[in-house]
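Report on the following structure.
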Amino acid sequence: MANTQPMQFDADYFDGISPRAQRVLVSITDDAFTFNATTDISGNASPTRHIFFIKDCHIQAKLGTGRRIIDLSDGSRLETDYQNLEHHLPKNSSHHLWRAIHYAESHLLIVIFALIGIVLSSLLLLKYGVPVAAKFAALATPPSIEKDLGKQTLEALDHQKLGYFTASELSDAKKSAIQEALKDLCLKTRDCPSYQLTFRKSPTIGANAFALPGGYLIMTDELVALAKDNNEIIAVLAHELGHVKGRHALRQTLQGTISGIIVIAITGDVSNIAAGLPALMLNMSYSRDLELDADHYALKSLKTACIPTQSFATLLLKLEKSHGGSTSAPEMISSHPNTKQRIMPFLSKQHQCEQPSI
């Protein structure tokens, strides 16, 4: 005849009232844990049979080779050194899951492969998932909030002690000429986003122009001095208007924030994510797609406004030369993408303005 003896194991029983444990012999029978324990009733200790249905109990997952803990349905618990409880329990998908997890935790090779998988998936998330999330987050951000963000960033950049800028030393006539030239471009293209052009002097940053969230365009005196004429200046500003139209600055800011949160979630370390927004805005480089998007907008605008498209290429080469290819180069000549590849469309004859015949 088959052996019908129930599976048994020794355990310590904690009744939830007394801190002392009772040593009991637990049987697994009829889908229940059964054991005898002494119960104190009115000062008289008497053995009592306890029956707890397994489906009403919570069997905690294995933790290394530590004791197994079974939380019983009345708030009491069992603790045992017996490790293979799941082999003798009714079939349950959760039991199989915890057995698989414990098996994986106990094998170094599986842990190594899991770690590699986590690293690779995190890199894929940062490279592909975060930009998509930032794009949709930017679309959902009200323009008023974006403008406030840009204003606060500009105020930080203008800070007397901690900022990067000082007041522009350009003449009012030069500023006015650039403003009017940019307005003329927008009148001809009829495709300019809302913007606010600001001039600043910055020996630290040097020749540069960039867009902040909310349509704030910053141009340094050093860039104006580098340009041969207003056509080159407007060509650069057209590129920055492309970033404004695509809300690229906001997207990059959100992308940096989301990436930081992911890194914190993975590493638990916030010490390297505490950089201020002004520094982030100055040092960030747009992705290849966003840079080419702004280039395409600039090329289309210059052609429509009958401004020589090679003006953009000429100033980009000057910028690259002035910064010597250093890591502090402005975002317009960052390595995303290669400058020589970027200027080719602007040098093409088919993209020059064709004046209408009279």
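- At least one donor-acceptor pair under 3.5 Å links the side chain of Thr166 to the backbone N or O of Lys201.
- Phe53 and Met7 end up in different hydrophobic clusters when Ile, Leu, Val, Met, Phe, Trp and Tyr side chains are linked at under 4.5 Å.
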(message) Let's go through Gln60 and Asp71 carefully: what are the C-alpha distance in whole Å and the side-chain angles of both, what is the deciding distance for side chain to side chain donor-acceptor pair (under 3.5 Å) to 0.1 Å, and is it a yes or a no?
(response) CA-CA 8 Å; Gln60 297 187 20; Asp71 296 314; 2.9 Å; yes
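- Between Leu217 and Gln196, every side-chain heavy-atom pair lies at or beyond the 4.5 Å cut-off.
- For the pair Val26/Thr34, no side-chain contact is recorded, criterion being any heavy-atom separation below 4.5 Å from C-beta on.
- Under a hydrophobic-cluster definition in which Ile, Leu, Val, Met, Phe, Trp and Tyr are linked whenever side-chain heavy atoms come within less than 4.5 Å, directly or via other members, Ile51 and Leu25 are assigned to different clusters.
- No more than 12 heavy atoms of other residues, nucleotides or ligands sit less than 6.0 Å from atom CZ of Arg20.
- A heavy-atom distance below 4.5 Å is found between the side chains of Pro308 and Ser311.
- Around NZ of Lys175, the count of heavy atoms belonging to other residues, nucleotides or ligands within 6.0 Å exceeds 12.
- Contact annotation: the side chain of Val244 never approaches that of Cys192 to less than 4.5 Å [non-hydrogen atoms, C-beta and beyond].
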(request) Evaluate the side-chain contact (heavy atoms from CB on, under 4.5 Å) criterion for residues Ile307 and Asn231: first the C-alpha distance (whole Å), next the side-chain angles of each, then the deciding distance (0.1 Å), finally the verdict. (result) CA-CA 7 Å; Ile307 296 174; Asn231 282 342; 3.8 Å; yes
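- Under a cutoff of 6.0 Å and an axis angle of 45°, Lys147 and Tyr216 form a cation-pi pair.
- Note on Leu315: it clusters hydrophobically with Leu317, by side-chain heavy-atom contacts below 4.5 Å among ILVMFWY residues.
- Looking at Arg247 and Glu146, a side-chain N of the basic residue comes within less than 4.0 Å of a carboxylate O on the acidic one, giving a salt bridge.
- Residues Ala313 and Ile343 come closest through the heavy atom pair CB-CB, 3.6 Å.
- Arg190 is linked by a salt bridge (Lys or Arg N to Asp or Glu O under 4.0 Å) to nothing, counting only residues two or more places apart in sequence or in another chain.
- Cluster partners of Ile17: none. The rule joins Ile, Leu, Val, Met, Phe, Trp and Tyr whenever side-chain heavy atoms lie under 4.5 Å apart, and it links nothing here.
- The line from CD1 of Ile70 to SG of Cys57 is 7.5 Å long, rounded to the nearest 0.5 Å.
- To the nearest 0.5 angstrom, Asn36 atom CG is 10.5 Å from Gln22 atom CD.
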(request) Let me see the working for His239 and Glu291 under side chain to side chain donor-acceptor pair (under 3.5 Å), right down to the final yes or no. (result) CA-CA 9 Å; His239 172 88; Glu291 205 66 80; 2.8 Å; yes
(request) Apply the test side chain to side chain donor-acceptor pair (under 3.5 Å) to residues Ser168 and Asp221: give CA-CA distance (whole Å), side-chain angles for both, the deciding distance (0.1 Å), then the verdict. (result) CA-CA 6 Å; Ser168 172; Asp221 292 1; 2.7 Å; yes
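- Closest of all the heavy-atom pairs between Leu250 and Pro213 is N-CG, 4.2 Å.
- A donor-acceptor pair under 3.5 Å is absent between the side-chain atoms of Ser176 and the main chain of Asp172, judged by distance alone.
- For the pair Asp229 (side chain) and Glu232 (backbone), a donor-acceptor distance under 3.5 Å is present.
- There is no path of hydrophobic side-chain contacts, each under 4.5 Å, that joins Leu72 to Ile69.
- Between Phe346 and Phe312, a ring centre-to-centre spacing shorter than 6.0 Å is recorded.
- Between Arg342 atom CZ and Leu292 atom CG the span is 7.0 Å, to the nearest 0.5 Å.
- Applying the disulfide (SG to SG under 2.5 Å) definition to pairs two or more places apart or across chains, none involves residues 118-147.
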(message) side-chain contact (heavy atoms from CB on, under 4.5 Å) for Leu237 and Ile178? Distances and angles first, verdict last.
(response) CA-CA 10 Å; Leu237 290 176; Ile178 295 173; 3.9 Å; yes
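- Of all heavy-atom pairs spanning Thr80 and Ala11, the tightest one is CB-CB, 3.9 Å.
- By the 4.5 Å heavy-atom criterion applied to side chains, Arg251 and Leu290 are counted as neighbours.
- Taking 4.5 Å as the limit, every side-chain heavy atom of Asp12 sits out of range of all side-chain heavy atoms of Val24.
- Of the possible polar contacts, one joining the Thr189 side chain to the Leu185 backbone as a donor-acceptor pair under 3.5 Å is found.
- In this structure, the salt bridge (Lys or Arg N to Asp or Glu O under 4.0 Å) partners of Asp184, at least two apart in sequence or on a different chain, are Lys188.
- Remark: side-chain polar atoms of Gln255 are not paired, donor with acceptor, to backbone N or O of Ala134 under 3.5 angstrom.
- Counting heavy atoms from C-beta outward, Pro203 and Tyr164 have side chains that stay 4.5 Å or more apart.
- At a threshold of 4.0 Å, the pair Asp15-Arg77 does not count as salt-bridged, since none of the basic side-chain nitrogens sits closer than that to a carboxylate oxygen.
- Once rounded to the nearest 0.5 Å, the distance linking CD of Gln310 with CG of Leu302 reads 9.5 Å.
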(message) What verdict does the side-chain contact (heavy atoms from CB on, under 4.5 Å) test give for Leu223 and Ile233, after you've listed the backbone C-alpha separation in whole Å, the side-chain angles of each residue and the deciding distance to 0.1 Å?
(response) CA-CA 8 Å; Leu223 181 59; Ile233 294 173; over 6 Å; no
(message) The test is side-chain contact (heavy atoms from CB on, under 4.5 Å); show your working for Ile145 and Asp148 and say whether it passes.
(response) CA-CA 5 Å; Ile145 294 179; Asp148 286 342; 5.6 Å; no
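- With values rounded to the nearest 0.5 angstrom, Leu120 atom CG is found 12.5 Å from Leu125 atom CG.
- Other residues, nucleotides and ligands place more than 12 heavy atoms under 6.0 Å from the OH atom of Tyr82.
- The local environment of NZ in Lys318 is crowded, with over 12 non-hydrogen atoms from other residues, nucleotides or ligands closer than 6.0 Å.
- Atom OG1 of residue Thr314 and atom CG of residue Leu347 lie 7.0 Å apart, to the nearest 0.5 angstrom.
- Counting non-hydrogen atoms of other residues, nucleotides and ligands closer than 6.0 Å to NZ of Lys174 gives a total above 12.
- Here the side chains of Tyr128 and Leu123 are not in contact, with every heavy-atom distance at 4.5 Å or above.
- Residues satisfying the salt bridge (Lys or Arg N to Asp or Glu O under 4.0 Å) test with Glu155, not counting sequence neighbours, are none.
- Under 4.0 Å is where a charged nitrogen must lie from a carboxylate oxygen, and between Asp158 and Arg200 at least one such pair does.
- The nearest pair of heavy atoms linking Cys186 to Leu241 is SG-CD1, 4.2 Å.
- Ionic pairing of Asp191 and Lys245 is present here: one or more N-O contacts between side-chain nitrogen and carboxylate oxygen are shorter than 4.0 angstrom.
- Side-chain contact check for Glu320 and Thr339: at least one donor-acceptor pair (N or O, by modelled atom type) lies under 3.5 Å.
- Sequence neighbours left out, the pairs with a member in residues 7-29 that pass ring pair (Phe, Tyr, Trp, His ring centres under 6.0 Å) are Tyr13-Phe35, Tyr13-His50.
- Of all heavy-atom pairs spanning Leu226 and Ser322, the tightest one is CD2-OG, 4.1 Å.
- Across Leu319 and Ala207, no two heavy atoms sit closer than the pair CD2-O, 3.5 Å.
- At distances below 3.5 Å, at least one donor-acceptor pair connects side-chain atoms of Thr141 with backbone N or O atoms of Ala137.
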